[in-house]
Participant: 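My questions will all concern the structure given below.
Predicted, not measured: the structure shown is a model, and the values here were computed from it.
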Amino acid sequence: MPDSLHLTVRERSQAGEARRLALSWAADNGCSPDQQAKVALVISELANNLALHTTDGGHLLLRMLDDGGPDAVEILSLDQGPGSANFGACMRDGYSTAGTAGTGLGAVQRASEYFETFSQLGTGTVILSQLCPNKPMGIRRHQFGLTNVPIKGEVVCGDAGGYLDLGGGRFRFIVADGLGHGPCAADASQAALKVFKEHPKADLPTLMQNIHGALRATRGAAVALVEVDSSAGTVSYLGVGNIASSLVRHDGSASHLVSSNGTVGVVLPRLQPFSYTWSAETLLVMTSDGVKNHWRLDKYAGLMNRHPSLIAGVLFRDHSRKTDDTTAAVFRICT
């Protein structure tokens, strides 16, 4: 069973189907009955919200959180509706612009262990709900967000992404994009992710060589590896293929990290990690080629201060090419 799920809601009649699919997905991923009930509640409210308050509907993205406990779930609601300059008013019970009871978003917030929103007038709204009863995520000094969405018509995404907390202020990240899309692409990217998790102590060139060996039996993938040492203020980067990675500073300026041509599992170039500087309030952003290159976070007032999952959601919502699998991974250390 895929550990992520993408649902599209355009009208209220689809809310029930979204709830059914989300409930089945949660059960298949091992969520407890109580957690399944929470997922069903949050999806129902967010789906109805999309149908009632937008013209074209929107997206619901669900994923299992590896670092949030055995049945931790993250849910993102994304729309390109009217947005709001004062979204906080929408959170108050009894507030409604559609003639409803006005308790939906309040119910979602109460069900969530971590809840955050971003709304911009004329651009749309993103809502983040994390259901992590065993390990609340909001108190962490570091935050990681990931959107991983298959191309329309496919059930599984040919991309994969993840991170490891190595301790001592060191973190490691991967984004892998299997060639093409569908199950064979997913086999390649998931094989890369498996090796990444199994070799946390290997240096980046050795790790890439290990991934290359594991991917020989697959169609291959573009792979990018990043290690952040926040204590030393350094970033090491090793990329092969068309994964785009950037260090984005608080003023919106970005340093783009350099990858080499090649395909991991097929043709591996000479492996040369590059070094960069890590500073407070920096964002690491990694995207597969399903995301357009010319995005700027400073066009969204206040977005850079929000949870990385909201940022990854905006990158998918506004900058997906829609012709390929789409992955965006975002990391920050809170100061």
Side-chain angles (χ1 to χ4, degrees), residues 4 61 78 144-151 157-163 171-181 185-186 188-189 192-193 196 204 207-208 211-212 215 220-228 235-269 271-278 282-300 303-304 308-332:
S4 61
L61 306 183
L78 315 166
F144 178 73
L146 179 72
T147 55
N148 184 234
V149 182
I151 189 174
C157 185
D159 303 340
Y163 90 108
F171 303 89
R172 187 170 282 184
F173 307 88
I174 183 173
V175 169
D177 179 356
L179 294 190
H181 46 80
S189 62
L193 183 61
F196 171 80
L204 295 190
L207 179 57
M208 189 70 83
I211 294 172
H212 178 64
L215 266 58
V223 178
L225 302 171
V226 182
E227 184 166 317
V228 173
V235 176
S236 297
Y237 181 77
L238 183 58
V240 177
N242 54 4
I243 306 298
S245 301
S246 301
L247 298 175
V248 184
R249 289 172 283 276
H250 197 260
D251 62 1
S253 61
S255 299
H256 302 293
L257 312 188
V258 178
S259 292
S260 302
N261 294 327
T263 303
V264 182
V266 182
V267 178
L268 199 64
L271 298 177
Q272 176 60 55
F274 291 89
S275 296
Y276 302 87
T277 300
W278 179 268
T282 299
L283 286 175
L284 169 66
V285 180
M286 306 172 70
T287 60
S288 68
D289 65 350
V291 177
K292 300 173 187 175
N293 290 328
H294 301 297
W295 47 264
R296 287 189 62 91
L297 297 184
D298 55 354
K299 292 185 177 180
Y300 304 90
L303 179 61
M304 286 193 59
S309 289
L310 294 174
I311 299 171
V314 168
L315 289 173
F316 163 71
R317 184 193 68 183
D318 295 351
H319 301 284
S320 171
R321 298 184 190 276
K322 300 182 175 62
T323 56
D324 201 352
D325 302 312
T326 304
T327 291
V330 184
F331 171 79
R332 77 139 46 86

Participant: Report the C-alpha distance between F171 and L284 in whole Å, list the side-chain angles of each, state the deciding distance to 0.1 Å, and finish with yes or no for side chain to side chain contact (heavy atoms under 4.5 Å, CB included).
Facilitator: CA-CA 11 Å; F171 303 89; L284 169 66; over 6 Å; no
Participant: With a 4.5 Å cut-off on side-chain heavy atoms, are V240 and P269 touching?
Facilitator: yes
Participant: Considering all heavy atoms of both residues, which atom of A186 and which atom of C157 are nearest to each other, and what is their separation?
Facilitator: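 Heavy atoms only, the tightest pair is CB-O, 3.4 Å.
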Participant: Which atom names give the shortest non-hydrogen contact between V226 and Y237, and what distance separates them?
Facilitator: CG2-CD1, 3.3 Å
Participant: For the pair H319 and Y300, name the ring-plane relationship: parallel under 30°, tilted 30 to 60°, perpendicular over 60°.
Facilitator: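 Judged by the thresholds at 30° and 60°, the geometry between H319 and Y300 is perpendicular.
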Participant: Tell me, do M208 and L268 make a side-chain contact under 4.5 Å, heavy atoms counted?
Facilitator: yes
Participant: Check whether any side-chain heavy atom of L193 sits under 4.5 Å from a side-chain heavy atom of I174, and report yes or no.
Facilitator: yes
Participant: Run the side chain to side chain contact (heavy atoms under 4.5 Å, CB included) test on D298 and L303 for me, step by step, so that the C-alpha distance in whole Å, both residues' side-chain angles and the decisive distance to 0.1 Å come before the verdict.
Facilitator: CA-CA 8 Å; D298 55 354; L303 179 61; over 6 Å; no
Participant: How close do L215 and V264 get, heavy atom to heavy atom, and via which atoms?
Facilitator: CD2-O, 3.7 Å
Participant: Has the side chain of S288 got a donor or acceptor atom that lies under 3.5 Å from a matching backbone atom of T327?
Facilitator: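 A pair under 3.5 Å: yes.
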Participant: R321 side chain to D289 main-chain N or O, any donor-acceptor pair under 3.5 Å?
Facilitator: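 Between the backbone of D289 and the side chain of R321 there is a qualifying donor-acceptor contact (under 3.5 Å).
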Participant: Are T263 and L179 close enough that some pair of their side-chain heavy atoms sits under 4.5 Å apart?
Facilitator: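 They are in contact (side-chain heavy atoms under 4.5 Å apart), so the answer is yes.
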Participant: For A329, enumerate each residue passing the side-chain contact (heavy atoms from CB on, under 4.5 Å) test, keeping only those at least two apart in sequence or located in another chain.
Facilitator: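 F144, L146, V175, M286.
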Participant: What distance separates T277 OG1 from R249 CZ, expressed to the nearest 0.5 Å?
Facilitator: 9.5 Å
Participant: Between the main-chain N or O of K322 and the side-chain N or O of S320, is there a donor-acceptor pair closer than 3.5 Å?
Facilitator: yes
Participant: To the nearest 0.5 Å, tell me how far H256 NE2 sits from N293 CG.
Facilitator: 8.5 Å
Participant: Tell me, with the steps shown, if L297 and L283 meet side chain to side chain contact (heavy atoms under 4.5 Å, CB included).
Facilitator: CA-CA 10 Å; L297 297 184; L283 286 175; 3.8 Å; yes
Participant: Give a yes or no on whether D251 atom CG has more than 12 heavy-atom contacts from other residues, nucleotides or ligands under 6.0 Å away.
Facilitator: yes
Participant: How long is the straight-line distance from CH2 of W295 back to CG of D318, given to the nearest 0.5 Å?
Facilitator: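 Result: 12.5 Å between the selected atoms.
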Participant: State, to 0.1 Å, how close G178 and A188 come at their nearest heavy-atom pair, and which atoms those are.
Facilitator: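 That closest heavy-atom pairing would be CA-CB, 4.2 Å.
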Participant: Answer whether the closest heavy-atom distance between the side chains of H212 and V266 falls below 4.5 Å.
Facilitator: no
Participant: Distance from F274 atom CZ to S236 atom OG, nearest 0.5 Å?
Facilitator: 11.5 Å
Participant: With rounding to the nearest 0.5 Å, note down the distance linking CH2 in W278 to CG in L247.
Facilitator: 6.5 Å
Participant: Apply side chain to side chain contact (heavy atoms under 4.5 Å, CB included) to residues L204 and R172 and explain how you reach the verdict.
Facilitator: CA-CA 10 Å; L204 295 190; R172 187 170 282 184; 3.7 Å; yes
Participant: Any donor and acceptor pair, going by atom type alone, linking the side chain of N148 with main-chain N or O of D159 inside 3.5 Å?
Facilitator: yes
Participant: Show the nearest heavy-atom pair for residues T326 and V291, with the distance to one decimal.
Facilitator: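 Residues T326 and V291, closest heavy atoms: CG2-CG2, 3.5 Å.
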Participant: Would you indicate whether the side-chain heavy atoms of L78 and F316 approach each other to under 4.5 Å?
Facilitator: yes
Participant: Do the rings of Y163 and F173 sit parallel, tilted or perpendicular, given the 30° and 60° boundaries?
Facilitator: parallel
Participant: Roughly how far, to the nearest 0.5 Å, is the CZ atom of F331 from the OG1 atom of T282?
Facilitator: 10.5 Å
Participant: Looking only at heavy atoms, what is the nearest atom pair of G158 and S189, with distance?
Facilitator: O-OG, 3.1 Å
Participant: Between D325 and H181, is there a donor-acceptor pair closer than 3.5 Å when you use the side chain of the first and the backbone of the second?
Facilitator: no
